[in-house]
Amino acid sequence: MTDISPATTRARRGRRGARVLGWLAAAAIALAPLASPAAALADSPPSPAPTPTASATPGSPGIASLIAAPASGGIVATGADAVISVDQRNGSPRALPAGALSVTLSRSALTSPQAVVDWLRPDADAEEALPAFEEVARADVAELPAGDERATDVSIPATEKNLVGLAPGVYPIAVSGPGGSARTVITVPRPDAPARTATVIVPITAGARTTGLLTATELTELTAEDGALSAVLDAVTGTTAVLAIDPAIVASIRVLGSGAPADAVGWLTSLMALPNERFALQFGDADLATQVHAGLTAPLEPTTLEPYADPANFSAAAGSTAPASVPDTRQLLAVGTAANTVRDVFWPASGTAGANVVTTVDAQAGADADALTLVPSDTVSGGDSGVRAAIGDADLLVYDQVVSAELARVAAASDDAPVRNAELAAANAQVALSGDRPIVATIDRPATSSRASVRAAITAVTGSPGATPTSLQDLRAADRAQVTVADIPADDDRVAALQRFLADEERLATFATALVEPAQLTARERTAILQLIGDAWLAEPIGWAAAVAQHEENTESTLDAVGIANPGTINFLATSAPIPVTVRNDLPWPVSLVLFAETGDPRLIVQNATVVEAGAQQNTRVDVPVEARVGSGETTLSLQLRSTAAVPIGASERIGLTVRAEWESVGITAIVIIVVVLIAGGVIRTILKLRRRRSETPSGQNDIPEQQENTE
């Protein structure tokens, strides 16, 4: 029998106790709404509830949750009923008992964007001053089994006391019942809403990456029917959204030529056929603010994309006898046509571009460029708070940060319809409170999205009362007001990483002179740097730190990928012979080098330079001719690889030589003596054999043939 120590016994008891506490907590959560059913009927506000985005998914162990989402995105016309869809999700280990869903309403409108945020996402550490609530609807619900989910529509009638008297505005609603409680809002629109322009900017990006271009496999996944890129393309099709496109995506497809996946080619064809106005992001959606803070004189760009292409996948021009050529980098990166592409538009990640970044980006664009930089409204002050502004000579397009944040939440809700609808109600409320002036909003680089979610986010703005979609070109032509842009400190970690990348890029460029095609290394390094400083990594700081460390490790491995395999000490047994040297090339590309050999020993004559052509990922033997002037001795041979540009490649090596050159003469003499002895021995042996034969022949026997001949 196995002995159980007291420590083990205490640990087991602790785990059992933790499980019991977990069950009790789950039961308390599940039964809490039933403990005081009258609370929802009182005029006092309900207790703070989790926000819709915080609701757990069905089946989450130990958790019961409730999501409230008004129909039609929370828009309730005057005189119309309001319908609240209540989604109960029982992830607890026990059934939720039957009970009632209570919907309460405050007739005190929320009058500011911040008030909506405070209501929907209350600060746990702050005390709330809530208005009076009254119950406006109730629905009985049956028991909900463990692990199950149920949606119940609760109608708030417009007649009698329920919605009568609500002036246009945004009103808070609280819902409680078995499973928890939730908060939402409804918006009563103005029947006489004035016309105003509305613009929504939607990014088309591929997320956080570490390599320059997407592979065929990645493109196949992203552009499949259920792929992320297909989802966003379907979402913007038929809308007036302005597209902000990462050129790395379109280049990844074009550079494959005829080898590109069929789905990716179809996706690109559809994208280019859309009439939507668009502009190009930085390659890889690279972080503009980090580049400015790192002291760059211009934004980084790909050097060339030709190394990624296989000429065999491209056809020669019709009637031409010239070989097929890969499209140039400009053609590979084009995100649209000249008619629908707006040039010199810059979109730094929200909250990263302060005054110095904006002015630097404008100056780097050049005097001839009509640069336009997008900045969020919460970083701008002064002027008339319009969408067109300027800081000095730098042109700005100011987008509504509060509305944009809500649109991003809608898009990130993916295919979870209850969560999406709850977030959509918040977005519509913020649009309604954004005033009568032109509105520009963005869907800021969502990590995940779906067709329905992105389209809902777009129409929340462009389909709002009085909205008229407008283009970037029209906005650019509007009058601008001088404003002040807040100072935003640099992200020191990202700046330091970029500076290390650039220093390593110089080292790699020097090392790349060893390659037959140096761009195979340098072009890939530049695109990888742009991806590693991509804005998508801002949401993944831990993953980014790991990616940076891995890239720097890969850089050191690359710089050590070509070198000399030291054979140790070699016995040199001749006055003249080649010394075999092995050159190692672990790179996936061939290299062209010169092996330099020298010795400080005057007793050796060495061929100083030997050309080395080493294939990809293989070891190559190189013979270095050496001549010894002495019979024997100990000496060394120094070896160094250099590129054809005379750049040292890899570490130098010293080979020990043990010279026994006299052994060659001794060996030849010995061989000659042996041969002479063998020949002489053979001759003597033959002579002795002949003599024996003669001595053994009887006398007179040799005369018989002659006598016979005479007789004849």
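All values below come from the heavy atoms of this structure, side chains included, with hydrogens, waters and symmetry mates left out. Sequence positions, counted from 1, serve as the residue numbers for this chain.
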List the atom pairs, donor and acceptor, that lie under 3.5 Å between side-chain atoms in residues 193-202 and the rest of the protein, sequence neighbours left out.
from	atom 1	to	atom 2	distance (Å)
R196	NH1	S434	OG	3.0
R196	NH1	G435	O	2.7
R196	NH1	R437	O	3.1
R196	NH2	V431	O	3.0
R196	NH2	S434	OG	3.0
T199	OG1	T470	O	3.0

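- Proximity of a side-chain donor or acceptor of R138 to a complementary backbone N or O of L101 within less than 3.5 Å is not detected.
- Judged as a salt bridge (charged side-chain N to carboxylate O under 4.0 Å, His left out), and not counting sequence neighbours, the contacts of D535 are R445.
- Looking only at distances, a side-chain donor or acceptor of N276 sits under 3.5 Å from a matching main-chain atom of A241.
- Between the side chain of T352 and the backbone N or O of P348 there is no donor-acceptor pair closer than 3.5 Å.
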Evaluate the criterion side chain to side chain donor-acceptor pair (under 3.5 Å) for residue pair S404 and D444; output intermediate values, then yes/no. CA-CA 7 Å; S404 297; D444 199 358; over 6 Å; no

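- Remark: S453 OG to I443 CD1 distance equals 9.5 Å, nearest 0.5 Å.
- In this structure D140 satisfies the salt bridge (charged side-chain N to carboxylate O under 4.0 Å, His left out) test with no other residue, sequence neighbours excluded.
- A donor-acceptor distance shorter than 3.5 angstrom exists from the side chain of W537 to the backbone of R209, with no hydrogens or angles considered.
- One N or O on the side chain of S230 and one on the backbone of A224 form a donor-acceptor pair closer than 3.5 Å.
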Hey, mind stepping through V403 and L433 against side-chain contact (heavy atoms from CB on, under 4.5 Å) and telling me if it holds? CA-CA 9 Å; V403 173; L433 293 173; over 6 Å; no

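- No side-chain heavy atom of D153 sits under 4.5 Å from any side-chain heavy atom of I84.
- Contact check on R89 versus D87 returns a salt bridge, with a Lys/Arg side-chain nitrogen under 4.0 Å from an Asp/Glu carboxylate oxygen.
- Between the side chain of S176 and the backbone N or O of S181, no donor-acceptor pair lies under 3.5 Å.
- Contact annotation: the side chain of T184 never approaches that of I67 to less than 4.5 Å [non-hydrogen atoms, C-beta and beyond].
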Pair L472-R278, side-chain contact (heavy atoms from CB on, under 4.5 Å): steps then yes or no: CA-CA 9 Å; L472 283 182; R278 65 200 62 192; over 6 Å; no

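- Screening residues 460-469 for salt bridge (Lys or Arg N to Asp or Glu O under 4.0 Å) gives no qualifying pairs among residues at least two apart or on separate chains.
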Apply the test side-chain contact (heavy atoms from CB on, under 4.5 Å) to residues V342 and R476: give CA-CA distance (whole Å), side-chain angles for both, the deciding distance (0.1 Å), then the verdict. CA-CA 10 Å; V342 184; R476 177 178 265 171; 3.6 Å; yes

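- Side chain of T459 to main chain of A456: a donor-acceptor pair is present (N/O by atom type, distance under 3.5 Å, no hydrogens or angles).
- Applying the side chain to side chain donor-acceptor pair (under 3.5 Å) definition to pairs two or more places apart or across chains, those involving residues 233-243 are D234-R451.
- Here salt bridge (Lys or Arg N to Asp or Glu O under 4.0 Å) pairs that include residues 457-474, with residues two or more places apart or in two chains, number zero.
- Looking at V357 and I488, their side chains never come closer than 4.5 Å, going by heavy atoms from C-beta outward.
- Of the possible polar contacts, one joining the Q88 side chain to the P178 backbone as a donor-acceptor pair under 3.5 Å is found.
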Report the C-alpha distance between R388 and D479 in whole Å, list the side-chain angles of each, state the deciding distance to 0.1 Å, and finish with yes or no for salt bridge (charged side-chain N to carboxylate O under 4.0 Å, His left out). CA-CA 7 Å; R388 281 290 282 115; D479 294 336; over 6 Å; no

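- Between the side chain of E277 and the backbone N or O of V242, no donor-acceptor pair lies under 3.5 Å.
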Stepwise side chain to side chain donor-acceptor pair (under 3.5 Å) test for Y399 and S350: CA-CA 10 Å; Y399 57 90; S350 295; 2.6 Å; yes

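- Residues L374 and V345 form a side-chain contact, since some pair of their non-hydrogen atoms from C-beta on lies under 4.5 Å apart.
- Each of L475, D400, I439 was evaluated against V387; a single residue qualifies, L475, per the side chain to side chain contact (heavy atoms under 4.5 Å, CB included) test.
- A donor-acceptor pair is defined here as one N or O able to donate and one able to accept, closer than 3.5 Å; no such pair exists between the side chain of N162 and the backbone of A158.
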Derivation of the side chain to side chain donor-acceptor pair (under 3.5 Å) call for S102 and E135: CA-CA 7 Å; S102 175; E135 186 179 64; 2.6 Å; yes

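- Here the OG1 atom belonging to T78 is positioned 9.5 Å from the CG atom belonging to L163, to the nearest 0.5 angstrom.
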For the pair V175 and L66, evaluate side-chain contact (heavy atoms from CB on, under 4.5 Å) and give the outcome as yes or no after the intermediate values. CA-CA 9 Å; V175 179; L66 185 149; 4.0 Å; yes

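- Surrounding CD of Q482 are more than 12 heavy atoms belonging to other residues, nucleotides or ligands, all under 6.0 Å away.
- Two residues are said to be in side-chain contact when any heavy atoms from C-beta on lie closer than 4.5 Å; R183 and P122 meet this criterion.
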Taking it one step at a time, do T187 and N428 satisfy side chain to side chain donor-acceptor pair (under 3.5 Å)? CA-CA 7 Å; T187 301; N428 284 326; over 6 Å; no

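- For the pair T442 and L407, the minimum side-chain heavy-atom distance is 4.5 Å or more.
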